[in-house]
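Values in this document were obtained by computation on a predicted structure and should not be read as measured data. In this chain, residues are counted from 1 in sequence order.
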Amino acid sequence: MDKLLITGGRVLSGDVRISGAKNAALPLLVAPLLVDAEVIIGNVPRLQDVSTILKVLGHMGVSVTIRDNGSVSIDASTMTNAEAPYELVRTMRASILVLGPLLARHGEAVVSLPGGCAIGSRPVDQHLKGLEAMGAEIRVENGYVHAKVNGRLKGARLVFDMVTVGGTENILMAATLAEGTTIIENAAREPEIINLAEMLQAMGAQIEGAGTDTIVVHGVQALHGCRHDVIPDRIETGSYLCAGAVTGGRVKTLAADPHQLDVVLLKLQEAGAHINTGPDWIELDMRGQRPKAVSFRTAPHPGFPTDMQAQFMAVNALATGTGTISETIFENRFMHVPELNRMGADIHVDGHTAFVTGVNSLQGAPVMATDLRASMSLVIAALAANGDTLIDRLYHVDRGYERLEEKLTGLGANVRRVSSRDYP
Ligand code: UD1
């Protein structure tokens with residue numbers, strides 16, 4: 001198994017090209033299940049989670065062609081079965097996204113129920129309730145969701161109990177082929193929802209209100225193929241900006257979208273960063289200064305993203321002052337705290353709130369990644385720490401950060417992927 005060896009203390013400086021967004025790519029890659037035609041998706045990042053969703057499609061007999069230019073062609077006309085097995089779903093919860101399109105297009109689906117995950121129990125009750133309200137019969141048996149509908153799904157008015165990104169995406173896809181109009185209230189407003197809605201529109205779907213909390217979908221009889229690009233990864237962008245901030249450096253993210261990062265950029269400015277933006281770039285310059293601690297609560301978009309919480313925790317760990325961070329989306333998303341404290345951070349957790357008092361320096365240490373974003377917080381802390389940090393369980397990082405070592409090295413960091421044989 002690989003580990004990441006980071007020798008900290010270098011000030012990051014330079015440009016880094018941002019990849020397509022993992023969380024946008026996953027729904028875009030399953031939406032072609034809605035048509036018997038070729039769909040080409042561009043700017044797809046090469047990540048473990050993307051490989052997993054393509055394996056789920058491959059298991060169903062869908063033909064998948066990965067091109068050198070970063071695009072993926074998907075043709076579901078060859079599909080042979082509508083089943084997503086446990087072996088694949090258990091490695092990535094987002095596999096549940098196949099449920100809506102399969103049901104809408106093929107009238108049935110058998111999808112393994114995703115279990116809990118490190119950051120919380122993460123049920124999918126809202127996905128299932130929504131599909132039931134649209135006329136699906138759903139049985140959960142032996143860990144599998146068996147869903148069926150006679151004829152087409154029916155349009156319905158749905159009000160989610162909480163804002164759910166995956167739930168909104170699943171129902172949005174299902175509703176495109178339903179009979180009549182579906183109204184999704186308390187819908188998620190994330191940029192990834194807009195990216196998906198625009199792709200579905202390019203496939204012939206009739207959707208209004210994507211990006212607001214009420215989405216209206218007028219079902220159509222059939223959709224057609226299209227070509228669509230994945231948006232830039234706002235979480236990857238924010239992560240590199242945090243890496244620049246913690247080292248007192250200057251980092252310019254290219255192929256990025258500043259409009260998706262409003263609150264994150266405001267918090268970085270509050271931390272003392274000088275931020276400049278252009279149509280597709282963001283530049284952060286700390287002018288050699290140490291960051292100031294910031295406080296925030298995570299919230300659904302346009303609030304502070306839970307997927308950036310851990311990275312800001314690492315910045316706060318080395319900042320001047322004390323920051324208070326409340327996590328409101330997931331119940332167990334502070335697993336990076338003990339690892340950061342092992343590096344010398346001063347963080348106390350009380351329930352869903354972490355109190356971070358910045359220290360003058362962190363020390364390199366062997367640490368363990370526990371989930372995708374937590375692992376990036378360890379990378380960020382390690383870049384600024386004195387000495388060597390060895391990050392174990394690197395597969396978490398590989399789920400969501402494309403060519404991490406190459407990108408960090410390009411910014412002047414001292415980072416190497418090593419094998420656990422050599423670094424037990
Ligand atoms: C997506 C993102 C993830 C991000 C999260 C919140 C993808 C692939 N992943 O995850 O990176 O951290 O949004 O921004 O896009 N919930 C229920 N019942 C449901 C659905 C959700 O109780 O049926 C709860 C979850 O347990 C969680 C909260 O609602 O506490 C938000 O979850 P949700 O927005 O659905 O997250 P994901 O779509 O899984």
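- The shortest non-hydrogen separation linking M286 to P291 is CE-CA, 3.7 Å.
- In this structure, L340 and V356 have side chains that are not in contact, with every pair of non-hydrogen atoms separated by 4.5 Å or more.
- Relative orientation of the Y240 and Y401 rings is perpendicular, given thresholds of 30° and 60° on the angle between their planes.
- Looking at N170 and P101, their side chains come closer than 4.5 Å, going by heavy atoms from C-beta outward.
- Between R93 and V124, some side-chain heavy-atom pair lies under the 4.5 Å cut-off.
- The aromatic rings of F334 and H336 sit perpendicular, their planes meeting at an angle over 60°, well past the 30° parallel limit.
- A salt bridge does not link D422 with R416: none of the charged nitrogens is closer than 4.0 Å to a carboxylate oxygen.
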- Item | Worked verdict on R234 versus H301 for side chain to side chain contact (heavy atoms under 4.5 Å, CB included) | CA-CA 12 Å; R234 63 197 169 103; H301 194 79; 3.9 Å; yes

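- For the pair V145 and V110, the minimum side-chain heavy-atom distance is 4.5 Å or more.
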- Item | E270/K267 under salt bridge (Lys or Arg N to Asp or Glu O under 4.0 Å): CA gap, chis, key distance, verdict | CA-CA 5 Å; E270 204 180 309; K267 281 290 155 195; 3.0 Å; yes

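- Looking only at side-chain heavy atoms (C-beta outward), M308 and C242 come within less than 4.5 Å of each other.
- Between L383 and R10, the closest side-chain pair of non-hydrogen atoms is not below 4.5 Å.
- Between E283 and R250 there is a salt bridge, with a side-chain nitrogen of the basic residue lying less than 4.0 Å from a carboxylate oxygen of the acidic one.
- Shown here for A369 and H396, the closest heavy-atom pair between the two residues is O-CD2, 3.4 Å.
- Under the 3.5 Å distance criterion, the side-chain polar atoms of Y144 are matched with a main-chain donor or acceptor of Y86.
- Nearest heavy-atom pair across K3 and S420 is CE-CB, 3.7 Å.
- Side-chain contact annotation: T181 with H218, donor-acceptor N/O pair under 3.5 Å present.
- With a 6.0 Å radius and a threshold of 12 heavy atoms from other residues, nucleotides or ligands, R157 has its CZ atom at or below the threshold.
- Between R399 and D49 a salt bridge is recorded (basic side-chain N to carboxylate O distance below 4.0 Å).
- Side chain of N43 to main chain of V230: a donor-acceptor pair is present (N/O by atom type, distance under 3.5 Å, no hydrogens or angles).
- By the 4.5 Å heavy-atom criterion applied to side chains, K22 and L372 are counted as neighbours.
- Checking D307, T298, T370 one by one against R333, the side-chain hydrogen bond (donor to acceptor under 3.5 Å, both in side chains) holds for a single residue, D307.
- Other residues, nucleotides and ligands contribute over 12 non-hydrogen atoms within 6.0 Å of the CG atom of N69.
- When all heavy atoms of L88 and S95 are compared, the closest pair comes out as O-OG, 4.1 Å.
- For the salt bridge (charged side-chain N to carboxylate O under 4.0 Å, His left out) criterion with E236, the lone passing option out of R373, R17, R403, K407 is K407.
- Using a 4.5 Å cut-off on side-chain heavy atoms (C-beta onward), V72 and L54 make contact.
- Of the possible polar contacts, none joining the N81 side chain to the G61 backbone as a donor-acceptor pair under 3.5 Å is found.
- Around CZ of R297, the count of heavy atoms belonging to other residues, nucleotides or ligands within 6.0 Å does not exceed 12.
- Closest of all the heavy-atom pairs between A314 and A381 is CB-N, 4.1 Å.
- L47 and E402 get closest at one heavy-atom pair: CD2-N, 3.3 Å.
- Between the H228 side chain and the I41 main chain, no donor and acceptor come within less than 3.5 Å of each other.
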